[in-house]
Each structure stands twice: as C-alpha cells, then as structure tokens.
Amino acid sequence: MSDTAKNITDPIEARYAKLEEAKKRGMNPYAYEFKREHKAGDVQAKYKDLADGAETEDTVVVAGRIVAMRNDGMFIDIEDASGKIQIFCHKASTPAEELEKLDLFDLGDIIGVRGLVRRTPRGELSIRAKEITLLTKALHPLPEKYHGLQDIEQRYRQRYLDLIANEDSRVTLRARSKIISEIRKFIEENWDGVEVETPILHGIMGGASAKPFTTHHNALDNDFYLRVAPELHLKRLIVGGLADCVYEIGRLFRNEGISIKHNPEFTTIELYKTYTDYKDMMRLTEELVQHLAMMLYGTTKIKFGEKEIDVKAPWKRATMIDLVKEKTGVDFLTITDRDAAAAKAKELGVHVEPRWKWGEIVLAVFEDKAEADLIQPIHVIDHPLDVSPLAKTHRDNPILTERFESFINGWEIANAFTELNDPVEQRKRFEAQVAAREAGDDEAQMLDEDFVTALEVGLAPTGGWGMGIDRLVMLLTDSHNIRDVICFPTLKPKK
RNA sequence: GAUCGCUUAGCUCAGCCGGUAGAGCAACUGACUUUUAAUCAGUAGGUCGAGGGUUCGAAUCCCUCAGCGAUCACCA
C-alpha cells in the first residue's frame with residue numbers, strides 16, 4: 001500500500017487517499033475514454049459452453065464497476081449493464097505493474113480490463129487480466145454486498161445505490177422500459193397510432209375527475225393546472241384530422257394522497273381512433289395486455305404474489321349494474337329514483353353524500369362492494385351517465401354510457417368509452433360538472449368552451465381509451481408498491 | 001388528513017425490567033493464495049434521527065418535532 005493511503009481506516013478518507021495516490025502514479029482517476037469492445041453478458045453468452053479449466057487465446061476488452069473482490073484482488077467481479085464477469089489477476093500471468101494497481105481499487109470503482117477468456121477449474125468464466133485501467137474512482141462506499149440496500153427510504157432517494165445493490169430493482173425498471181417500448185410498437189403496428197404530445201400546462205382543468213396541481217407562469221402572469229388527463233386535447237387532434245388514430249404516452253399529475261398504488265405523477269397512455277367504439281377498445285386492452293405478458297414471460301398466466309392471473313383474451317365482460325346486483329342483490333336499474341337509490345345504498349352500509357346523483361351512488365356501491373373481488377381480468381361496462389361526462393350515452397339506455405373500465409387484481413387498469421361527440425349534449429354535461437363543482441365537488445371538471453367548439457366543428461364517431469402504465473407494470477413485474485416501478489417516486493424533500 | 005409503527009457504525013442488524021455501545025459485511029495492518037458472501041489473526045470506526053423532560057444514571061421511560069413505512073380516507 002502507498003504511504004498516502006496507509007493506515008486510514010475511514011472508508012471515505014481511504015478512498016480519497018487512493019485517488020490522490022492514483023494521480024501521483026500518473027493515472028487519471030476520471031478517464032476521458034476507454035475503447036470497450038465487449039459486454040460482460042455477451043462474453044458470458046459466447047463462452048457459455050467453454051469447459052471448466054479451459055484456457056483460450058481470445059482477447060476481450062471489457063469495462064464495468066467492481067462489485068466484489070476476493071483474495072486481495074486476485075478475483076474481481078465487474079458488472080456492466082449486461083451482466084457480470086470475473087477478472088483474474090495472478091502474478092503468473094498479469095504483469096507486475098498491473099498488479100500494483102490493485103492497491104488503489106475499491107468496491108464501486110469502474111475499471112477497464114484487457115485479457116484472455118478462460119474458465120476456472122471451479123467453473124467460473126473469467127478474464128485473465130493483461131492490462132487493467134482505472135476509469136472512474138468511486139469515493140462513496142457501496143451498500144453491504146450480501147443484503148444489498150434494504151433501507152426503503154434510501155432506496156428511493158438514492159436510486160443509483162439501489163440499482164447497483166439490488167438486482168430486483170434493475171430487472172423491474174428495465175421491464176418497465178421494455179413494456180413501454182412494446183406498447184408503442186403494438187399501437188403503431190396494429191392500430192396505426194400516431195404519437196403526439198399535448199400540453200402539460202392547462203388553462204382549464206378537464207378530461208378527468210381529479211384534484212390538480214397549480215403553478216404560475218410569470219411572463220403571462222397566469223395560473224396553470226398541471227394536466228390531470230390529455231383527453232380533450234387528443235380529441236381536438238382527431239377533429240383536426242391529424243390522424244385516424246392518435247395516442248400519447250406521458251405523465252399526469254394529481255394532487256391527491258400517496259399510497260402503494262398512487263404516486264402524484266404517474267404515466268398513462270391515451271388513444272383515440274375514428275370509427276371505433278368502446279367494444280373495439282375492449283379488444284385493444286385485452287390483446288395488448290396479453291401480448292405484453294407473452295413478450296415478457298411467454299405465457300398469459302402471470303404471477304402476482306400468491307395469485308395467478310390469466311390475461312388471455314377475450315376477457316370477461318359484465319355491466320356495473322349486474323356486478324352490483326350479483327354482490328348485493330340490488331338491481332339499481334329498477335331503482336332509478338335518486339332518493340330511493342340513496343336509501344338502498346345506505347341500507348347496504350355505503351356512505352352517500354347528499355349532493356350525489358343516482359350514478360354516483362351506483363358507482364360508490366360498486367367500488368365498495370364489487371371492485372376488490374375483480375382479480376381475474378374483466379371489463380366492467382356501461383357506467384352511469386352521471387359519472388361519465390365525456391362518454392357517449394348508451395344506445396340502449398339513456399341513463400348509462402358506452403364506457404368500460406378494465407380491472408385486474410382489483411385495480412382499475414384501463415378506462416375507455418365511445419366518445420361523446422354531440423356538442424349540445426357535451427355542453428349540458430359540462431354544465432352539470434360546473435354545478436357539481438359549485439356544490440362542493442372539487443374534482444368536477446370545468447366548462448371547456450373551446451372543446452365544445454371543436455365538437456361543433458365535428459368529431460367523427462370515435463373510440464377513446466386510457467391505461468395506467470405504472471399499475472400495468474406492477475402487475476407484469478409482480479411489484480407490490482407503485483414506487484418500485486417508478487425510477488424516482490415522489491418523496492418529501494429532506495430538510 | 002387520521003391511527004399505529006420504525007429511525008443504533010458507510011451497509012445489514014442485535015441491544016431484555018433504565019446501569020454508560022455489540023456482531024457481520026465494508027475499511028485498515030498482516031498471513032494465506034484458483035476464490036465464489038474466500039479464509040485466518042489483529043486494528044480502527046458511534047452526539048444511538050433532532051430537541052426537551054423524568055432520573056444519581058436514558059439507545060432504553062415521557063413530551064415535541066422531522067423523515068420513512070403500514071393501514072384507513074381520497075384517487076388511477
């Protein structure tokens with residue numbers, strides 16, 4: 001060991017000392033470049049059949065982070081994004097000036113290695129080092145090697161440490177990326193989807209029932225809402241004929257509680273396609289989810305904790321009214337009087353707000369009594385009109401709409417409808433929302449005059465669809481907390 | 001927002017009915033050398049989340065605060 005680094009037992013100080021020593025020896029501890037020629041995972045795959053104890057003359061050049069050192073650096077595990085490989089440094093085959101560098105290395109350092117591929121007698125594929133280069137000195141100690149990083153708060157606040165230490169986190173977040181890119185591919189290949197980007201700063205809150213974040217633009221001296229849904233802008237693009245099918249994948253913001261299923265900013269996809277209706281959107285939902293499960297696991301049967309969920313299409317369909325009837329014995333289609341419905345709901349032990357209309361009461365009973373049991377995929381269809389201000393009135397029943405929500409594992413994962421395109425009717429629905437807002441419903445929507453104008457210009461018959469991507473990723477990766485599928489979940493800033 | 005719980009070394013965790021701080025990993029010094037959480041011997045490392053209180057004495061009991069978690073409420 002060098003004099004500078006000698007006898008320093010503080011892990012961080014020792015690393016600084018080694019950093020200085022490396023400089024003193026003419027090395028750049030933050031190298032400008034390194035011509036990596038091979039990834040660890042590719043080497044592992046290529047030499048998968050190399051026999052135990054076999055030596056090759058094949059030279060490889062790899063680079064990665066030191067994640068383990070054994071026998072005083074004789075064995076070093078390095079890891080890159082593709083995998084891990086062992087570096088073998090032995091005085092019989094590694095030049096002495098290279099071996100001297102081992103003194104300066106710590107867990108977490110990033111090094112480059114040129115050497116020969118071999119497999120040890122014990123069966124570990126290794127690189128017999130000929131040349132080792134320090135590429136980036138790590139000044140911060142790594143989490144404990146066996147247990148990884150367990151502290152939940154630190155895992156989210158310092159995700160970089162979590163990713164280095166915990167393979168599960170890497171697997172999940174990589175799966176998320178794969179799922180999203182596969183969704184794009186599926187939508188573009190099978191639905192002629194054209195991806196668009198609509199504003200996040202909204203002057204008027206609309207498109208969903210939710211509490212918004214507000215912000216302020218200084219130059220315009222105007223408050224804006226962060227969008228709670230992209231719906232109204234996407235339909236404007238359909239009106240304009242930008243494409244027959246537009247979709248947007250992006251972040252929504254809702255100023256509501258945080259839980260294992262809710263993050264204040266979350267990602268959805270919304271899609272609109274002319275000359276389709278809600279039945280087509282059911283097909284889209286089940287075919288897409290089935291496709292993603294097949295891509296990831298080669299089967300439609302996915303595991304979520306102890307549960308096995310089969311996402312094979314087609315999925316079961318049931319009306320919201322029928323599901324409520326099944327669970328409670330009450331048929332709300334025969335109780336369309338608001339007060340009678342409220343009385344019945346209270347009888348069932350469901351809390352009812354005085355301002356609620358028939359549809360809100362039915363929805364509350366559904367959420368209370370039926371939702372949690374919807375484990376296997378199901379499309380819940382024909383929502384009350386009162387709770388669906390942007391959906392087209394059901395062709396067979398004026399108090400319902402052509403809408404569905406898809407549930408898996410008791411969670412709503414998709415929401416879609418035949419789009420309301422009658423501007424006069426839409427204005428009435430908005431006015432009902434405004435009245436609800438004035439009556440104290442702070443999640444009710446606002447009247448968007450320009451959107452009504454767009455409908456006056458004419459929206460072709462159109463089906464619309466939205467899906468929560470975070471929850472879908474949770475289901476597909478057996479993740480039980482939404483934070484596990486978000487790189488940087490919302491946390492209170494630490495003081 | 002409410003209730004309950006957690007916070008001890010860089011990391012993972014012990015620490016009982018209040019008696020003055022422990023282990024493993026990581027670090028450091030050596031030994032050993034084809035290891036797989038390498039092994040062996042030794043060294044160093046702490047304002048016990050913050051502040052206040054009770055007490056001769058507090059990591060431990062009480063209060064306040066902060067962060068985090070679980071459940072509930074709201075919601076996707």
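As the structure is a prediction and not an experimental result, all values here were calculated from the model. Just so you know, these numbers use all the heavy atoms, side chains as well, and skip hydrogens, waters and symmetry mates. Lettering follows sequence order; numbering is per chain, from 1.
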Rounding to the closest angstrom, what is the interatomic distance between [N] and [M] at atom [atom1]?
N      : M      : atom1 : answer
B:rA9  : B:rA50 : P     : 10 Å
B:rU8  : B:rC61 : P     : 16 Å
B:rG10 : B:rC48 : P     : 12 Å
B:rG15 : B:rC6  : P     : 12 Å
B:rA44 : B:rU54 : P     : 37 Å
B:rG57 : B:rG19 : P     : 14 Å
B:rG67 : B:rU55 : P     : 32 Å
B:rU7  : B:rG51 : C1'   : 15 Å

Would you call [X] and [Y] a salt bridge, taking side-chain N to carboxylate O under 4.0 Å as the test?
X      : Y      : value
A:K235 : A:E231 : yes
A:E79  : A:R170 : yes
A:K392 : A:E402 : no
A:K18  : A:E21  : no

Counting only non-hydrogen atoms, which of [range] are less than 4.0 Å from RNA chain B?
range                       : result
residues 142-159 of chain A : A:P143, A:E144, A:K145, A:Y146, A:H147, A:G148, A:L149, A:Q150, A:D151, A:I152, A:E153, A:Q154, A:R157
residues 349-381 of chain A : none
residues 65-81 of chain A   : A:R70, A:N71, A:D72, A:M74, A:F75

Report the distance from atom [atom1] of [X] to atom [atom2] of [N], rounded to the nearest whole Å.
X      : N      : atom1 : atom2 : answer
A:E405 : B:rA76 : CD    : P     : 7 Å
A:I258 : B:rA70 : CD1   : P     : 11 Å
A:F88  : B:rU33 : CZ    : P     : 13 Å
A:I12  : B:rA9  : CD1   : C1'   : 12 Å
A:E443 : B:rA73 : CD    : P     : 15 Å
A:L102 : B:rA27 : CG    : P     : 13 Å
A:L104 : B:rA27 : CG    : P     : 14 Å
A:F253 : B:rA76 : CZ    : C1'   : 14 Å

Report which part of the nucleic acid [X] touches: base, sugar-phosphate, or nothing (heavy-atom distance under 4.0 Å, all strands).
X      : value
A:L491 : sugar-phosphate
A:N481 : sugar-phosphate
A:G257 : base
A:L161 : nothing
A:Q86  : base
A:E124 : base

[N] pairs with which nucleotide, Watson-Crick or G-U wobble, both distances below 3.5 Å?
N      : result
B:rU36 : none
B:rC48 : none
B:rU29 : B:rA41
B:rU55 : none
B:rC68 : B:rG5
B:rU60 : none

Holding to salt bridge (Lys or Arg N to Asp or Glu O under 4.0 Å), I want the full list of residues that pass it with A:K279, two or more places apart in sequence or in another chain.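 So A:K279 forms no salt bridge (Lys or Arg N to Asp or Glu O under 4.0 Å) with any residue.
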
Give the ring-plane orientation class for A:Y278 versus A:F404, where under 30° counts as parallel, over 60° as perpendicular and anything between as tilted. tilted

Please verify the inter-ring angle class for A:F186 with A:H291; under 30° counts as parallel, over 60° as perpendicular, anything in between as tilted.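 It falls in the tilted class, 30° to 60°.
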
4.5 Å side-chain heavy-atom contact, A:M69 and A:N71: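 The answer is no, as the side chains (C-beta and beyond) never meet within the 4.5 Å cut-off.
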
Would you indicate whether the side-chain heavy atoms of A:T94 and A:K130 approach each other to under 4.5 Å? no

Hey, what are the protein-to-nucleotides 46-50 of chain B N/O distances that come in under 3.5 Å?
none

Check step by step if side-chain contact (heavy atoms from CB on, under 4.5 Å) holds for A:E412 and A:E371. CA-CA 9 Å; A:E412 180 198 330; A:E371 200 175 277; 5.9 Å; no

Please name the pair of heavy atoms, one in A:I87 and one in A:A129, separated by the smallest distance, quoted to 0.1 Å.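 Heavy-atom minimum between the residues: CG2-CB, 3.9 Å.
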
Give a yes/no verdict on base stacking between B:rA76 and A:W411: centres under 5.5 Å, planes within less than 30° of parallel.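 Here A:W411 fails the 5.5 Å or the 30° condition.
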
Within the pair A:K18 and B:rC28, is there a side-chain N or O less than 4.0 Å away from OP1 or OP2? yes

Pairwise N/O distances under 3.5 Å, protein to nucleotides 42-45 of chain B:
from: B:rA44; atom 1: O2'; to: A:T9; atom 2: OG1; distance (Å): 3.0

Since syn is defined as within 90° of 0, does B:rC56 count as syn or as anti? anti

Options B:rC74, B:rA76, B:rU36, nucleotide nearest the side-chain atoms of A:R254: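 Given the options B:rC74, B:rA76, B:rU36, the side chain of A:R254 is closest to B:rA76.
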
